[in-house]
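Both backbone and side-chain heavy atoms feed into the values below; hydrogens, waters and symmetry mates do not.
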Amino acid sequence: MYKLDLPVDLKEAALLERRRNAELQRQDRVFNSKARTIGVDKQALDVQVHDKNIQKEIENKRDEAYASQMKQHDSIVCLLDKRQQEDIKNLNRAIDEFRLGLQKKENRREFDLYDPQALKKDLPARLYDEDPRCSVSGMQKLMGEDLNHRNRKKDQQEQLREWSLQQQQEWANALEDQKLSESLYDKMRIELDQKAMELQKMEESARKAICMHTKNFNKAQAAENSKRKELEKNLEIEDNFAEINNLVKGDLLSENPDQASSVFGPHRVVPDRWKGMTPQQVQEIQNIQQQQIQEHLRIKEEERQKAAEWDRQRVQAAREMTLVERQQKRQERELRKAQDHINQQLAQANKAQKIYLDKEVFLNNPTVQYFEQFNTSSR
């Protein structure tokens, strides 16, 4: 089975339109309070499964069509590649034949420079009577001589005849080869054209089959859509009657206070059905508010008492620290006085010891002893 090929922009537009329609249908099912049900909507699930199966079948057919088309393209590419390779091979063969037949190395201008038979083909000392190489001192030419006039003329005629025959033969061979290559090329072109026509016919038949299948599928889908729309219309009519009945006999218009109770607990209500609080609920809320006010005042009083106690303890601690500092300063002053008295006593003792030592040193000096003896003797 095949699917009709569409341009890329039409395919993308169709895909976006299909997604948009699916999203609108889903939103209609979800947000429509008439059609919304609690639990699983088996009919919607069956429709989704059916749609997915149809989409999967369409994708499989499209993949098969793409695969067949790729095979056809691959075969055409192979044929064209083969034709190109054969053309290149024939062209290379013709070039090689032309080089072997008409571009021989003997016909090159510089062949005389590397000719292995150069010595054999070298000119003799004298070719003809008017040879400019025949000087007077060379003694190669004498007055009245014409040695090879006839032979030269005969050889020239024979050479011209051979050249003409050779050229005619080469042209005939070249024409025959060209005709053969052209005939082979024409045969190959005819075969390839026939194969291309067969492939084109196959492609046309495949496209016709794809168009027919697409047409049948569109008809079936249109019939299915019409049936589904008719079913949806009937369901909408039934839902409208049911909604009218529910509105007339329901709790919304009768303002039943029980309708505000939520299924998630007695402490929760449905906002769009709530008609206000009862006097008992209002009194209960006021009592709770009074209890909260009393509790708040009690907490404030406790915090005030704690702050006063902290202030008293802080003042007491500051007083104790002041007394301790005063006691430490008093002890430092007494310690400093005792230290000063001890230092004074030590200074006096050091001074007396120094005086004593100086006196001993003076008395023990020989000069002093001599003067004392002198004073004693003079007396």
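A distance of 13.0 Å separates CZ of Arg207 from CE of Met202, quoted to the nearest 0.5 Å. To the nearest 0.5 Å, atoms CD (Glu191) and CG (Leu79) are separated by 10.5 Å. In this structure, CD in Gln294 is found 5.5 Å from CG in Leu297, a value given to the nearest 0.5 Å. Distance check, rounded to the nearest 0.5 Å: NZ of Lys153 to CD of Gln157 gives 6.0 Å. Taking CG from Asn60 and CD from Glu64, the interatomic distance works out to 6.5 Å, rounded to the nearest 0.5 Å. Atom-to-atom distance recorded for Gln200:CD and Asp193:CG is 11.0 Å, nearest 0.5 angstrom.
Annotation: salt bridge (charged side-chain N to carboxylate O under 4.0 Å, His left out) contacts of Asp115 (sequence neighbours excluded): Lys121. Applying the side chain to side chain donor-acceptor pair (under 3.5 Å) criterion to Asp87, with sequence neighbours excluded, gives no partner residue. For Gln55, the side chain to side chain donor-acceptor pair (under 3.5 Å) test picks out no residue, with sequence neighbours left out. With sequence neighbours excluded, the residues that form a side chain to side chain donor-acceptor pair (under 3.5 Å) with Arg314 are Asp311. Not a single salt bridge (charged side-chain N to carboxylate O under 4.0 Å, His left out) links Glu176 to another residue, sequence neighbours left out. For Glu106, the salt bridge (charged side-chain N to carboxylate O under 4.0 Å, His left out) criterion is met by no residue, not counting sequence neighbours. Annotation: ring pair (Phe, Tyr, Trp, His ring centres under 6.0 Å) contacts of Phe111 (sequence neighbours excluded): Tyr114. The salt bridge (charged side-chain N to carboxylate O under 4.0 Å, His left out) check on Glu302 picks up Arg298, with sequence neighbours excluded.
Checked by atom type and distance alone, the side chain of Ser181 pairs as donor or acceptor with a backbone atom of Asp177 at under 3.5 Å. Between the side chain of Asn173 and the backbone N or O of Gln169, at least one donor-acceptor pair lies under 3.5 Å.
Between Lys61 and Glu57 a salt bridge is recorded (basic side-chain N to carboxylate O distance below 4.0 Å). Ion pairing between a basic and an acidic side chain is recognised when a charged N comes within 4.0 Å of a carboxylate O; Arg26 and Glu23 show such pairing.
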For this session: Begin with the C-alpha distance, continue with both residues' side-chain angles, and end with the deciding distance and a verdict on salt bridge (Lys or Arg N to Asp or Glu O under 4.0 Å) for Arg161 and Glu158.
Result: CA-CA 5 Å; Arg161 189 179 65 81; Glu158 184 67 24; 2.4 Å; yes
Exercise. Can you list the steps and then say if Glu224 with His50 is a side-chain contact (heavy atoms from CB on, under 4.5 Å)?
Worked result: CA-CA 11 Å; Glu224 185 179 356; His50 181 65; 3.1 Å; yes
For this session: Applying side-chain contact (heavy atoms from CB on, under 4.5 Å), run through Met188 and Leu184 and close with a yes or a no.
Result: CA-CA 6 Å; Met188 183 180 64; Leu184 292 175; over 6 Å; no
Problem set entry | Residues Arg93, Asp96; criterion side-chain contact (heavy atoms from CB on, under 4.5 Å); working and verdict | CA-CA 5 Å; Arg93 187 185 298 110; Asp96 293 337; 5.6 Å; no
Problem set entry | Step-by-step side-chain contact (heavy atoms from CB on, under 4.5 Å) determination, Glu243 to Asn240 | CA-CA 5 Å; Glu243 184 180 4; Asn240 291 332; 4.3 Å; yes
For this session: List the steps and the verdict of salt bridge (Lys or Arg N to Asp or Glu O under 4.0 Å) for Arg304 and Glu301.
Result: CA-CA 5 Å; Arg304 189 184 62 77; Glu301 182 64 24; 2.3 Å; yes
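Under the 4.5 Å side-chain contact rule for hydrophobic residues, Leu180 and Leu91 do not share a cluster. Taken together through direct or relayed side-chain contacts under 4.5 Å among Ile, Leu, Val, Met, Phe, Trp and Tyr, Leu199 and Leu80 form part of one hydrophobic cluster.
Within the hydrophobic cluster formed by Ile, Leu, Val, Met, Phe, Trp and Tyr side chains joined at under 4.5 Å, directly or through other members, Phe98 is accompanied by Leu102. Clustering of Ile, Leu, Val, Met, Phe, Trp and Tyr side chains at separations under 4.5 Å places Leu231 together with Leu235. Phe241 shares a hydrophobic cluster with Ile237; the chain of contacts runs through ILVMFWY side chains whose heavy atoms sit under 4.5 Å apart. Under a 4.5 Å side-chain heavy-atom criterion applied to ILVMFWY residues, the cluster that includes Leu100 comprises that residue alone.
Gln305 and Glu309 share no side-chain donor-acceptor pair at under 3.5 Å. Looking at His296 and Gln292, their side chains never bring a donor and an acceptor atom within 3.5 Å of each other. Side chain to side chain, Asn287 and Gln283 meet the donor-acceptor criterion of an N or O pair below 3.5 Å. Asn21 and Arg18 share no side-chain donor-acceptor pair at under 3.5 Å. No side-chain donor-acceptor contact under 3.5 Å links Arg62 and Tyr66.
In this structure, Gln103 places its CD atom where more than 12 heavy-atom neighbours from other residues, nucleotides or ligands lie under 6.0 Å away. Crowding of Gln313 atom CD: a count of heavy atoms from other residues, nucleotides or ligands under 6.0 Å exceeding 12. The neighbour count for Glu284 CD, taken as heavy atoms of other residues, nucleotides or ligands under 6.0 Å away, does not exceed 12. Within 6.0 Å of the CG atom in Leu119, the count of heavy atoms belonging to other residues, nucleotides or ligands does not exceed 12.
Proximity of Gln291 to Glu295: side-chain heavy atoms (C-beta onward) are nowhere separated by under 4.5 Å. Looking only at side-chain heavy atoms (C-beta outward), Ile299 and Glu303 come within less than 4.5 Å of each other. Side chains of Arg20 and Glu17 form a contact here, defined as non-hydrogen atoms less than 4.5 Å apart. In this structure, the side chains of Leu323 and Arg319 stay at 4.5 Å or more apart for every pair of heavy atoms.
Checked against Glu334 for a side-chain contact (heavy atoms from CB on, under 4.5 Å), the options Lys337, Arg336, Arg330 give a single hit: Arg330.
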